[in-house]
Structure formats: C-alpha cells, structure tokens
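Heads up: the structure comes next, in structure tokens.
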Number of protein chains: 2
Amino acid sequence: MAELIQKTRKEHIREVAESLFRRQGYPATSMRQLAGELGIEAASVYSHIKSKEEILRDICFDMAKEFFNEAEIIQNLNMDAESRLRAAITAHIKVITHNIDASAVFFHDWRHLSEPYINDFRVLRMQYQTYLRSIIKQGILEGVFNKSDEKFTVLTILSAMNWTYEWYKPDGKMTYQEIANNLADILINGLKNS
Amino acid sequence: MAELIQKTRKEHIREVAESLFRRQGYPATSMRQLAGELGIEAASVYSHIKSKEEILRDICFDMAKEFFNEAEIIQNLNMDAESRLRAAITAHIKVITHNIDASAVFFHDWRHLSEPYINDFRVLRMQYQTYLRSIIKQGILEGVFNKSDEKFTVLTILSAMNWTYEWYKPDGKMTYQEIANNLADILINGLKNS
DNA sequence: CCTACCGATCGGTAGG
DNA sequence: CCTACCGATCGGTAGG
C-alpha cells in the first residue's frame with residue numbers, strides 16, 4: 001500500500017517534470033519550481049527521486065524503450081519493404097504523439113545526461129537508425145526504393161518524423177494515423193523508383 | 001579604430017557563444033564559462049554586450065534575417081513551382097550548413113527569449129511558413145503537386161530540412177548542394193501527382 | 001579589461 | 001513531507 005502511494009506520487013512528479021522540461025528545457029527548470037507545481041517543498045521531492053538527473057534519465061530511456069518496443073514488433077512481421085516502412089513511420093508517430101511532452105524532452109534534453117548514460121543513449125540511437133536502414137535495404141533489394149545513400153535516407157525519414165513534436169496538438173484536426181499516413185505517402189513516394 | 005577593435009571582439013564573443021550554446025544550450029552556459037574560453041573575466045564581457053540574452057537575441061534574429069534574405073531572392077525569380085521549391089530547399093540548407101552552430105541555437109534556444117522578442121520571433125516563423133506555402137500553392141495550381149493539406153506539407157518540408165543541423169558535418173562526404181538535392185528529390189518526388 | 005562584490009538562486013542534505 | 005540550512009554558482013554592477 002505504501003508502495004502504491006509512492007509510485008503514484010513519483011508518476012505525478014514525472015508528469016509535471018515532463019511538462020516543465022518541455023516548456024523550459026531541463027537546465028532552466030528548477031527543483032523548486034517543480035515542487036511548487038506539485039504543491040510541496042523542494043526538499044520533499046527528494047523523498048521520491050534521487051536527483052534531478054534521475055528524472056531526465058527515466059524520461060529519456062523510457063521513451064527509447066517505447067520506440068524499440070514498436071520496432072521489435074515490426075521487425076518480426078513478414079512484410080514487403082513498403083508496408084514495413086509505412087508501419088515503422090506509423091509506430092514512430094504514434095509513440096511521439098502519445099507522449100508529446102516526453103518526446104520533446106527526449107529530443108531536446110538527452111544531451112544533458114552525464115556519462116555513462118549519454119553514451120548509452122547514443123548507442124541506442126544508432127541501433128534505431130540501423131533498424132530503419134534495414135527497411136531501406138530491403139526496399140532496395142526488392143527494387144521498389146531507389147539506390148540513394150542509405151544513411152542519408154534514414155536521417156531524412158527521422159528528420160521528417162521527429163519534428164512532429166514541435167507542432168502536433170492532441171486536439172488538432174489531424175489524428176496521428178492521418179499524420180503518419182500523409183508522411184508515409186510523401187516519403188515512400190519520394191523514395192520510389194519511377 | 002577603437003570601434004573596429006570592439007566590433008571584432010564582439011564578433012569573437014558571438015562565435016564562442018554560438019559554439020557553447022550549441023553544445024550545452026543557452027541556460028546551461030554561464031557567462032563565466034564564456035569569459036573563460038575568451039581568456040577574460042566574466043565582468044569584462046559586459047564591456048561588449050548588455051546582457052546574456054542580447055547574445056541569444058542577436059544569434060536568433062540574424063539567422064532569421066539570413067533565411068529571409070534567401071527567401072526574398074527566390075520569391076522575386078520567375079520559376080515554375082518545382083524549380084522554386086528546389087531553390088528554396090537549397091537556400092535553406094545553405095543557410096543551415098553555413099551557420100551550423102548558430103542554426104542549432106536558432107532551432108533550440110529561441111524559446112529562452114523574453115517578451116516581446118519571443119513573440120516577434122514567432123511572427124517571423126509564421127511568415128516563413130507562409131512563404132513556403134505559397135510555393136506549394138503554386139505547384140498545386142500548376143497541377144504538378146498533389147492536393148494534400150498545405151500546412152502539413154510545409155511542416156513536413158521544414159521538418160526534413162531543419163533536422164540537418166543535428167548531423168551535418170562540414171567535413172563530411174556530402175556537400176550542402178548534394179544534401180539539398182537529395183532532399184529536394186525525395187520531397188518533390190513525394191509531393192508530385194503520379 | 002580588472003578586482004571586488006551584490007542579491008538571488010541553484011541542487012541537494014540533515015534531521016526530524 | 002517539513003524546517004533549516006549547506007556550499008556553489010548564477011547574471012550583473014560599481015568603480016576604476
């Protein structure tokens with residue numbers, strides 16, 4: 001029971017932190033401000049967390065986990081490259097739009113992690129690029145994607161997807177599926193052999 | 001002469017600040033650290049600038065000016081939509097890659113501007129989107145781009161372009177023209193009526 | 001461009 | 001979860 005309450009409180013801290021970090025960035029957000037929005041004293045926050053960076057760490061690595069969970073599902077399905085890329089884009093946009101504050105922190109503030117965490121983070125990033133690259137490679141083998149620079153292609157796909165957190169509004173007129181499909185239309189069409 | 005020296009020193013401060021802000025972000029960079037890299041005392045920096053935020057302001061609005069200078073040239077040329085979009089992408093990538101540190105600050109740290117500057121900044125951003133949108137509209141009128149959501153299309157183009165500062169290396173194997181052309185190939189091909 | 005310094009605020013701890 | 005507090009550091013100023 002005590003554990004249940006503590007977990008809920010910690011999740012609350014996490015949510016408020018995500019919102020503050022998103023709006024102001026990690027370094028510009030103080031523990032006093034975080035505590036203020038929670039309605040407690042700054043020192044009290046430390047009953048639930050070890051340090052300010054622990055919060056950032058949790059946000060960054062939990063987000064990474066979300067992306068990889070989706071990636072693993074897609075990798076284990078039997079699909080042609082075009083369908084797989086569309087599925088990968090949809091899954092990626094789903095994770096971003098369903099965790100919009102955490103996504104902003106994930107993309108912006110990972111560089112404020114200290115060693116060795118920042119290095120672990122960079123490794124995960126590379127692995128995710130490798131996953132996307134395998135889809136592009138499959139498409140080239142299938143003869144459906146043109147043979148442009150694979151690394152550049154992956155970076156372009158990531159670029160187009162990752163900026164979504166900057167403008168996506170949960171109550172906007174586009175659902176995440178519509179965003180993903182439009183994005184997939186442009187990117188897949190753009191990569192196709194004509 | 002005194003003015004010339006002062007101007008050079010101010011530019012030096014600006015360059016070092018761009019590099020530090022890029023690596024650490026604006027809030028996480030202290031004036032003492034900036035002074036340290038310049039080889040002077042923190043208090044001495046204030047002989048050349050009024051405040052820390054003034055440096056950020058100069059970086060952000062000078063970058064905006066660069067983007068708009070290019071945009072104005074392109075708007076005044078007589079071109080079909082496809083060529084105009086390619087020119088716009090090339091110009092945009094040129095500005096980013098030629099000011100790689102300042103670009104990172106521009107995209108990351110504008111939100112640490114105070115009023116009224118942050119609002120001015122947002123207005124400029126909207127104007128730039130309107131400019132890109134006019135190109136998309138032209139393309140739809142010409143029947144070369146498909147009739148998808150214009151706002152979304154513009155945001156996608158900006159997304160794909162703006163992430164470049166994250167991975168571009170001046171000594172990498174791709175020139176900025178190659179990046180721009182590859183990007184234009186994917187985006188224009190992706191937007192085309194088939 | 002420096003020394004000397006300001007008030008404010010930072011992340012975090014001790015001890016209850 | 002609080003009071004009381006720590007040493008460190010912040011952006012910036014006075015006065016030369």
Side-chain angles (χ1 to χ4, degrees), chain A residues 1-60 105 109-115 117-118, chain B residues 1-60 105 109-115 117-118:
Chain A
M1 189 65 185
E3 208 176 326
L4 186 71
I5 290 167
Q6 197 156 343
K7 207 177 176 186
T8 301
R9 197 72 82 202
K10 196 171 177 179
E11 279 169 2
H12 192 197
I13 291 172
R14 162 78 168 264
E15 272 171 36
V16 174
E18 285 177 359
S19 170
L20 283 170
F21 291 172
R22 192 234 173 129
R23 278 179 279 149
Q24 310 177 336
Y26 173 76
T29 302
S30 74
M31 293 304 281
R32 280 156 180 82
Q33 195 181 6
L34 173 60
E37 295 225 350
L38 288 160
I40 57 177
E41 291 301 314
S44 306
V45 180
Y46 288 90
S47 307
H48 305 282
I49 58 142
K50 288 196 196 78
S51 68
K52 187 186 176 190
E53 193 184 325
E54 187 195 60
I55 306 175
L56 177 64
R57 221 152 49 211
D58 286 349
I59 295 170
C60 288
V105 178
D109 288 323
W110 61 269
R111 51 197 179 125
H112 296 111
L113 291 169
S114 60
E115 294 287 4
Y117 307 103
I118 192 167
Chain B
M1 190 62 184
E3 209 177 326
L4 186 71
I5 291 167
Q6 196 158 344
K7 206 177 175 184
T8 301
R9 198 72 82 201
K10 195 171 177 179
E11 279 168 3
H12 191 196
I13 292 173
R14 163 78 168 264
E15 272 171 36
V16 174
E18 284 176 0
S19 170
L20 284 170
F21 291 172
R22 192 233 174 129
R23 277 179 281 147
Q24 310 176 335
Y26 172 77
T29 303
S30 74
M31 294 303 282
R32 279 157 182 82
Q33 193 180 7
L34 173 60
E37 295 225 351
L38 288 160
I40 58 177
E41 292 300 315
S44 305
V45 180
Y46 288 89
S47 307
H48 305 282
I49 56 144
K50 288 194 196 79
S51 67
K52 188 187 175 188
E53 194 184 325
E54 187 195 60
I55 306 176
L56 177 64
R57 219 151 52 211
D58 285 349
I59 295 170
C60 288
V105 178
D109 288 324
W110 61 269
R111 52 196 179 126
H112 295 112
L113 292 169
S114 60
E115 295 285 6
Y117 307 103
I118 193 168

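Below, chain A is the first sequence line, B the second, and so on; all start at residue 1. FYI, side chains are in, hydrogens and waters are out, and symmetry mates aren't considered; it's all heavy atoms of this structure.
Of the candidate nucleotides D/dC1, C/dC1, C/dT3, C/dC1 has the atom lying nearest to any side-chain atom of B/Arg9. Here the nucleotide nearest the side chain of A/Met31, chosen from C/dC2, C/dG11, D/dG11, is C/dG11. Closest approach to the B/Lys52 side chain among D/dG11, D/dC1, C/dG12 is made by D/dG11 (side chain taken as heavy atoms from C-beta onward). The B/Arg32 side chain lies nearest to D/dG11 when the options are D/dC1, C/dC10, D/dG11. Considering only the side chain of A/Ala43, D/dA4 comes nearest among C/dC2, D/dA4, D/dC1. Side-chain atoms of A/Ser51 lie closest to C/dG12 of the nucleotides C/dC2, C/dG12, D/dC2.
What separates CD of B/Glu41 from C1' of C/dA4 is a distance of 11 Å, to the nearest Å. The CD1 atom of B/Ile13 sits 13 Å away from the P atom of D/dG12 (whole-angstrom rounding). The CD1 atom of A/Ile55 sits 13 Å away from the C1' atom of C/dG12 (whole-angstrom rounding). Rounded to whole Å, atom C1' of D/dC5 lies 14 Å from atom OH of A/Tyr46. Note: CD (B/Gln33) to P (D/dA8) measures 18 Å, nearest angstrom. The distance from atom CD of A/Glu54 to atom P of C/dG12 is 10 Å, rounded to the nearest whole Å. Rounding to whole angstrom units, CD of residue B/Gln24 and P of D/dC10 are separated by 10 Å. Atom pair A/Ile49:CD1 and D/dC1:P shows a separation of 13 Å (rounding to whole Å applied).
Contact annotation: B/Ser47 side-chain N/O to C/dC1 OP1/OP2 distance is not under 4.0 Å. At the phosphate of D/dT9, neither OP1 nor OP2 sits under 4.0 Å from any side-chain N or O atom of B/Ser30.
Two residues are said to be in side-chain contact when any heavy atoms from C-beta on lie closer than 4.5 Å; B/Gln33 and B/Gln24 meet this criterion. No side-chain heavy atom of B/Asp109 sits under 4.5 Å from any side-chain heavy atom of B/Ile59.
Salt bridge annotation for A/Arg22-A/Glu18: absent, with no cationic side-chain nitrogen under 4.0 angstrom from a carboxylate oxygen.
Seen from the ring of B/Tyr26, B/Lys52 counts as a face-on cation partner, given the 6.0 Å and 45° thresholds.
Considering A/Val45, A/Ile13, A/Leu34 as possible partners of A/Ile40, the one that fulfils the side-chain contact (heavy atoms from CB on, under 4.5 Å) test is A/Val45.
Remark: C/dG15 base-pairs with D/dC2. Criterion, Watson-Crick or G-U wobble with two distances under 3.5 Å.
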